[in-house]
Enquirer: 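Let me begin by handing over the structure; questions about it come next.
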Amino acid sequence: MTTFADLGLSQKVLSAVTDSGYTTPTPIQAGAIPPALARRDILGIAQTGTGKTASFVLPMLTLLEKGRARARMPRTLILEPTRELAAQVAENFEKYGKNHKLNVALLIGGVSFDEQDRKLERGADVLICTPGRLLDHCERGKLLMTGVEILVIDEADRMLDMGFIPDIERIAKLIPFTRQTLFFSATMPPEIQKLADRFLQNPERIEVAPPSSTAKTVTQRFVATHSKDYEKRATLRDLIRAQDDLKNAIIFCNRKVDVADLFRSLDRHGFSVGALHGDMDQRARTTMLANFKENKLTLLVASDVAARGLDIPDVSHVFNFDVPIHAEDYVHRIGRTGRAGRSGAAFTLVSKRDGKFVDAIEKLIDQKVEWLSGGIEDLPPVAESEERERPRNGRDRGGRDRDRDRSRGRNKGEARATETRTETVEIEEKVEAVKAERKAEGRPQNNPARNPRAANHAAPRPANDDNRDRRNRYRRDEDDGPTPLGFGDEIPAFMLIAGKA
DNA sequence: AAAAAAC
């Protein structure tokens with residue numbers, strides 16, 4: 001059997017791989033590493049979860065040992081479609097490059113330029129980027145890419161979906177054409193093939209089957225639900241509570257606003273929950289993902305930003321709050337669980353209007369998905385009592401609901417979750433408290449604009465700092481019951497936050 | 001019916 005030692009990797013790389021506990025390469029690694037080391041172009045058709053990242057990181061590290069470093073010139077460039085994926089690849093570089101003295105620069109949007117600029121000035125050997133920020137650096141004249149020897153285009157099909165191809169073409173023009181190019185895509189539709197033909201010279205083509213673990217180790221179920229948002233939220237809560245082997249879960253919504261809404265709803269119901277979508281500020285995204293990975297959060301409500309490629313080894317459950325509009329997304333989403341041979345469960349809430357999407361999914365995965373308990377036709381009619389059960393005053397709702405849940409002895413994890421509310425909320429509450437106190441004392445608030453140094457000492461920004469989120473945070477949920485007298489849909493801004501104009 | 005990415 002092939003081992004990593006047979007592939008021609010350097011001692012430094014091999015020892016880091018061994019330290020990580022790996023002995024046997026995956027098919028994509030065994031197929032791509034030897035030709036990559038021989039300076040061949042690579043066309044890798046592989047999904048995430050196949051060990052794809054290591055299949056380019058390991059040979060790149062070995063090749064970087066051979067050439068000579070040119071002053072302040074990056075020698076390798078990796079392009080990723082999302083910031084989280086870029087960060088994940090950077091982590092891999094640190095892990096497998098621990099015996100190397102390489103400077104890795106992560107150039108992604110949503111964070112300040114300063115630190116990235118400093119890294120570039122010190123001289124970075126490896127750039128790991130999202131396209132927009134990289135081009136921004138280039139346009140500012142801070143970055144010369146004429147020394148790049150290896151270009152990696154990862155997740156090419158997704159780059160295409162996201163409209164990144166023009167950016168990729170521009171970037172490719174800034175790099176010598178004598179470069180070696182490693183090109184990866186999960187699928188090979190004609191557009192991608194054309195793209196590959198343009199970017200690659202006589203590539204070695206390696207195609208690996210999608211990880212079969214998805215189909216084999218993930219238990220998939222459809223769950224019938226009424227279609228109103230609050231009904232779906234209730235269905236979801238019952239479903240989560242009914243799981244006795246739930247370790248952690250990602251809950252996917254189709255839209256960012258729904259991620260925000262569902263996050264707040266679950267949080268108010270006392271679940272240990274975080275959120276992840278592209279309109280959140282980068283700090284919040286990073287924190288949320290880190291906390292989820294470290295099991296400080298049990299649930300992560302996410303948009304499809306988290307559907308592909310994110311490597312969280314241990315997700316026990318995936319819930320689709322919304323049926324994905326594109327069937328491929330379903331495959332990517334449920335692929336977040338059942339990884340590395342572990343078992344996983346994937347539940348998809350389905351309401352009447354989702355019929356055709358459900359059909360498309362079953363067609364794509366070529367199997368029928370069982371219903372958890374009866375189909376949509378078997379749903380009991382909307383219970384009027386449920387309407388009445390909802391509290392009159394939305395403000396008291398969270399506490400009362402939790403008490404009710406507790407007295408029913410419903411959930412073990414949930415009471416604990418009540419105490420460990422998400423850090424986001426805690427941070428935000430702290431910030432508001434400090435601000436309110438200042439205002440009460442009549443002291444001026446920190447104004448970073450007036451006093452730039454104050455910014456460094458200011459209270460931490462709320463983790464979930466997106467303006468839209470902030471407004472929505474105080475907008476009342478549909479399941480909060482009737483609006484209190486005297487307020488419209490929105491509680492007046494002055495009652496909410498001191499400061500924010 | 002969406003999401004993602006630069007300011």
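Since this is a predicted model, take the numbers as computed values, not measurements. Sequence lines set the chain letters: A, B, ... in the order given, protein chains first and strands last, and positions in each chain run from 1.
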Enquirer: Please list residues of residues 86-94 of chain A whose heavy atoms come under 4.0 Å from any atom in DNA chain B, ordered by number; otherwise none.
Expert: none
Enquirer: Would you kindly give the CD-to-C1' distance between A:Glu328 and B:dA2, to the nearest whole Å?
Expert: 13 Å
Enquirer: Applying side chain to side chain contact (heavy atoms under 4.5 Å, CB included), can you list everything that pairs with A:Thr235, at least two apart in sequence or on another chain?
Expert: A:Val223, A:Thr225, A:Leu349
Enquirer: Does B:dA5 have OP1 or OP2 under 4.0 Å away from a side-chain N or O of A:Arg285?
Expert: yes
Enquirer: If a pair satisfies ring pair (Phe, Tyr, Trp, His ring centres under 6.0 Å) and one of its residues is in residues 137-170 of chain A, list it, with sequence neighbours excluded.
Expert: A:Phe113-A:His137
Enquirer: Please determine whether any donor N or O and acceptor N or O are separated by less than 3.5 Å between the side chain of A:His277 and the base of B:dA4.
Expert: no
Enquirer: Would you check, one step at a time, whether the test salt bridge (Lys or Arg N to Asp or Glu O under 4.0 Å) holds for A:Asp161 with A:Arg158?
Expert: CA-CA 5 Å; A:Asp161 280 354; A:Arg158 197 170 179 204; over 6 Å; no
Enquirer: Calculate the interatomic distance between A:Ile361 atom CD1 and B:dA1 atom C1'; express it in whole Å.
Expert: 14 Å
Enquirer: Any base atoms under 4.0 Å from A:Gly163, or only sugar-phosphate, or nothing? Heavy atoms, all strands.
Expert: nothing
Enquirer: Using the side-chain heavy atoms of A:Thr130, tell me which of these nucleotides is nearest: B:dA5, B:dA4, B:dA2.
Expert: B:dA5
Enquirer: Rounded off to whole Å, could you give me the CG-to-C1' distance for the A:Leu310 and B:dA3 pair?
Expert: 13 Å
Enquirer: Choosing from B:dA5, B:dA2, B:dA1, which nucleotide comes nearest the side chain of A:Thr82?
Expert: B:dA5
Enquirer: Give the minimum heavy-atom separation between A:Ser185 and A:Ile192, together with the two atoms involved.
Expert: OG-CG2, 3.9 Å
Enquirer: What is the nucleic acid contact for A:Asp136, judged by heavy atoms within less than 4.0 Å: base, sugar-phosphate only, or nothing?
Expert: base
Enquirer: Without decimals, in angstroms, what is the distance between A:Asp161 CG and B:dA4 P?
Expert: 13 Å
Enquirer: To the nearest Å, how far apart are A:His332 NE2 and B:dA3 P?
Expert: 17 Å
Enquirer: Which residue pairs pass the salt bridge (charged side-chain N to carboxylate O under 4.0 Å, His left out) test when at least one of the two sits in residues 80-96 of chain A, sequence neighbours left out?
Expert: A:Glu84-A:Arg285
Enquirer: Output the single nucleotide from B:dA1, B:dA4, B:dA3 whose closest atom is nearest the side chain of A:Arg353.
Expert: B:dA1
Enquirer: Out of B:dA1, B:dA5, B:dA2, which nucleotide sits closest to the side chain of A:Arg83?
Expert: B:dA5
Enquirer: Tell me which donor-acceptor pairs under 3.5 Å the side chains of residues 165-175 of chain A have, and how far apart each pair is, sequence neighbours excluded?
Expert:
residue  : atom : partner  : partner atom : Å
A:Glu169 : OE2  : A:Arg198 : NH2          : 2.3
A:Arg170 : NH2  : A:Glu139 : OE2          : 2.6

Enquirer: Is A:Ser303 close enough to B:dA4 that one of its side-chain N or O atoms is under 4.0 Å from OP1 or OP2 there?
Expert: yes
Enquirer: Using whole Å, report how far CD of A:Glu84 lies from C1' of B:dA4.
Expert: 10 Å
Enquirer: Whole-Å distance between B:dA4 C1' and A:Leu276 CG?
Expert: 12 Å
Enquirer: If you count heavy atoms of other groups shown closer than 6.0 angstrom to CD of A:Glu191, is the number above 12?
Expert: yes
Enquirer: Report which part of the nucleic acid A:Asp167 touches: base, sugar-phosphate, or nothing (heavy-atom distance under 4.0 Å, all strands).
Expert: nothing
Enquirer: Using whole Å, report how far CZ of A:Arg333 lies from C1' of B:dA4.
Expert: 14 Å
Enquirer: Among the nucleotides B:dA6, B:dA2, B:dA4, which one has an atom lying closest to any side-chain atom of A:Lys256?
Expert: B:dA4
Enquirer: Quick one: which residue pairs count as a ring pair (Phe, Tyr, Trp, His ring centres under 6.0 Å) with a foot in residues 302-330 of chain A, not counting sequence neighbours?
Expert: A:His317-A:Phe319, A:Phe319-A:Phe347
